[in-house]
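These notes are about the structure you will find just below.
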Amino acid sequence: MTNPLQDPRFFQDPYPTYAELRSAGPVQQVPAGSGGHHSYVVTGYVEAREAFADPRLSKDTGRFFAGRPSGRNLHPAVSESMLATDPPQHTRVRKAVGSAFTAGPVARLRPYITDVVDGLLSDWEPGMQVDLVADLAVPLPVTVICELLGVPDSDRSTVAQWSNDLFAAGRPDRIDSASHSLAGYMAELVASKRSAPDGRLLHDLVVLGDEGRITEAEVVSLAVLLLVAGHETTTNFIGNALLALMRQPDALARLREAPELIPTALDELLRLDSPVGIATFRHSTEALTLGGTDIPAGVPVLIAPGAANRDPARFACPDRLDLAREATSHLAFGHGIHRCLGAPLARAEGEIALRAVLTRFPGIRLAVPGEDLRWRQTRLMRGLEALPVLL
C-alpha cells in the first residue's frame, strides 16, 4: 500500500485525497515510510478537534525518537522547540512569550503593518503583472516578524530563505543545513541583544532567560520558532485567500465594495484553504480509540486541519467559498494548548493586505490559467510557489 499523502497529485490538490480518506472513516491508517510502519491520519472535524486536545497525543518528539536510529541532523533549536514539548515545559515556555501576541500588542502593530503594506504596493499600478506571493505574501510577514524580533534589515532575506528551506520536502539535507544556519544566526543575535538592548521581543526573551524563567537554549529556540511560524503560515494564508477570491469574482466584488466585511470573511477563507494542511508531529503515548479506530501506543498521529475544515458533516458544501458561512470554528490555527500563538497577528496582516489589494486594484485577475499554478511540495504547509496576477 502506498501513502496517498506522498502522491505528487496530493501536493497540487490535497482535497480529493482527504475526501477519499474521510469516506472510509474519519481516522485512517496510512504507511509511514518503509519497514512496514504506519501512521494514523485524522480527517474528520470532530475527531481532529478531539485529537488536538487529547493529552495522550504527545508532541514530545524527543521522547518518540529516543533510541531510534536516524540519519537526520536537525539542530535542537528546531527539533526541541516549544512545538515539540508537552506540559509542564510547554506551559512554562509559552507563558513566557504569549503576551506579545495578544490582542493589545497586535493592535498597536497595525499602523506599522499598514505602512509595510503601503510600501510594498507603492509601485504597483493598474495593468501591471506582479507575483502576489513574492511581492506581498512573503515580504509582509517576514518584515513584520523581523521587526518585532529585532532582526536587522540587511539579514532579513537570508533568514527568510533559511526558514523556507526548513519545509523543503524530500530534501532532509537541505532542511538540516537550514536548521543549523538559522539557529546559529539566532544564537549570535541573542548575544548581540544582551550586549546592546533594543527593547524588541528578542531582547525581552533574553531578559527572561537572564531571570531564569527560560533557559538560554529555549531563548534561541523560541527566536527560531517565532521567526518561522511568524511568517510561513501567514504567507500561505494571504496567497491562498487572494487566489480563492479571484476564483470567485462575486465574493471578491462583495469584499471590495464592503471592505468592512473582510475581518469576518477571514474565517471562511482560512477554512476553505488552510495554510497548514497537516499539523506538526504528534504520537500516541498509550492506546486510544479515536473516531471508532483503535490506535496503538507509540505511533505517529497526523491531524489534518485542511481535511477537517472541509468535512461535510461540519460544513455544508465545504468545497465552496461562502462568505455568509459561520466559520469561526475552523481549525486552521489548531485547537487546545498548542493553538497557534500568532493567530491574532496573522489575522491582522491578512486583513490589512486583503483590504489594500482589493480596494486599490478592482480589476485584479490571474495572469495564468489556474491549472498552471504550482504549490509548495510539502504536506505540512499548503501554499503557492507563485501567484502571478494582472492588476
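Considering only heavy atoms from C-beta on, Leu83 stays 4.5 Å or farther from Thr61 through its side chain. Between Val42 and Pro26 there is no side-chain heavy-atom pair separated by less than 4.5 Å. Under the 4.5 Å side-chain criterion, counting only non-hydrogen atoms from C-beta, Pro16 is not in contact with Phe10. Under the 4.5 Å side-chain criterion, counting only non-hydrogen atoms from C-beta, Val368 is in contact with Leu373. Looking at Asp210 and Arg194, their side chains come closer than 4.5 Å, going by heavy atoms from C-beta outward. The shortest side-chain heavy-atom distance between Phe64 and Asp60 does not fall under the 4.5 Å cut-off.
With sequence neighbours excluded, the residues that form a ring-ring contact (aromatic ring centres under 6.0 Å, His included) with Tyr45 are Phe315.
Residues Leu227 and Val276 are members of one and the same hydrophobic cluster, defined by side-chain heavy-atom contacts under 4.5 angstrom among Ile, Leu, Val, Met, Phe, Trp and Tyr. Hydrophobic clustering (ILVMFWY, side-chain heavy atoms < 4.5 Å, transitive): Ile303 and Tyr18 are in distinct clusters. The cluster map of Ile, Leu, Val, Met, Phe, Trp and Tyr, joined by side-chain heavy atoms under 4.5 Å apart, puts Leu225 and Val144 in the same cluster. In the hydrophobic cluster analysis, where Ile, Leu, Val, Met, Phe, Trp and Tyr join through side-chain heavy atoms closer than 4.5 angstrom, Leu331 is grouped apart from Ile278. A single hydrophobic cluster is seen to contain both Leu120 and Tyr112, as judged by linkage of ILVMFWY side chains at heavy-atom distances under 4.5 Å, directly or through other members.
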Walk me through it: do Arg347 and Glu351 pass the test salt bridge (charged side-chain N to carboxylate O under 4.0 Å, His left out)?
CA-CA 6 Å; Arg347 292 182 66 93; Glu351 176 197 338; over 6 Å; no
Mind running salt bridge (charged side-chain N to carboxylate O under 4.0 Å, His left out) on Arg110 and Glu349 for me, showing each step along the way?
CA-CA 8 Å; Arg110 289 182 68 91; Glu349 292 173 354; over 6 Å; no
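In summary, the aromatic rings of Phe52 and Phe333 are positioned with their centroids too far apart to meet the 6.0 Å limit.
A salt bridge between Arg22 and Glu47 is absent, with no side-chain N of the basic residue lying under 4.0 Å from a carboxylate O of the acidic one. Using a cut-off of 4.0 Å between Lys/Arg side-chain N and Asp/Glu carboxylate O, Asp176 and Arg174 are scored as not salt-bridged.
One distance of note links CD of Gln377 with CD of Gln6; it measures 12.5 Å at 0.5 Å rounding. Taking OG1 of Thr143 as the start and CG of Asp115 as the end, the distance is 12.0 Å to the nearest 0.5 Å.
Note on ring orientation: taking the six-membered ring where Trp is involved, the planes of His90 and His338 are tilted (angle from 30° to 60°).
Among residue pairs with one or both ends in residues 285-300, those qualifying as side chain to side chain donor-acceptor pair (under 3.5 Å) are Thr289-Asp294; sequence neighbours excluded. A salt bridge (Lys or Arg N to Asp or Glu O under 4.0 Å) check over residues 127-152, counting only residues at least two apart or in different chains, returns the pairs Glu147-Arg156, Glu147-Arg200.
In the model, Asn164 has a side-chain atom that pairs as donor or acceptor with a side-chain atom of Arg376 under 3.5 Å.
Across Asp86, Thr85, Thr280, a single residue satisfies side-chain hydrogen bond (donor to acceptor under 3.5 Å, both in side chains) together with Lys59, and that is Thr280.
Within the cation-pi definition used here (under 6.0 Å to the ring centroid, within 45° of the axis), Arg360 does not qualify as a partner of Trp124.
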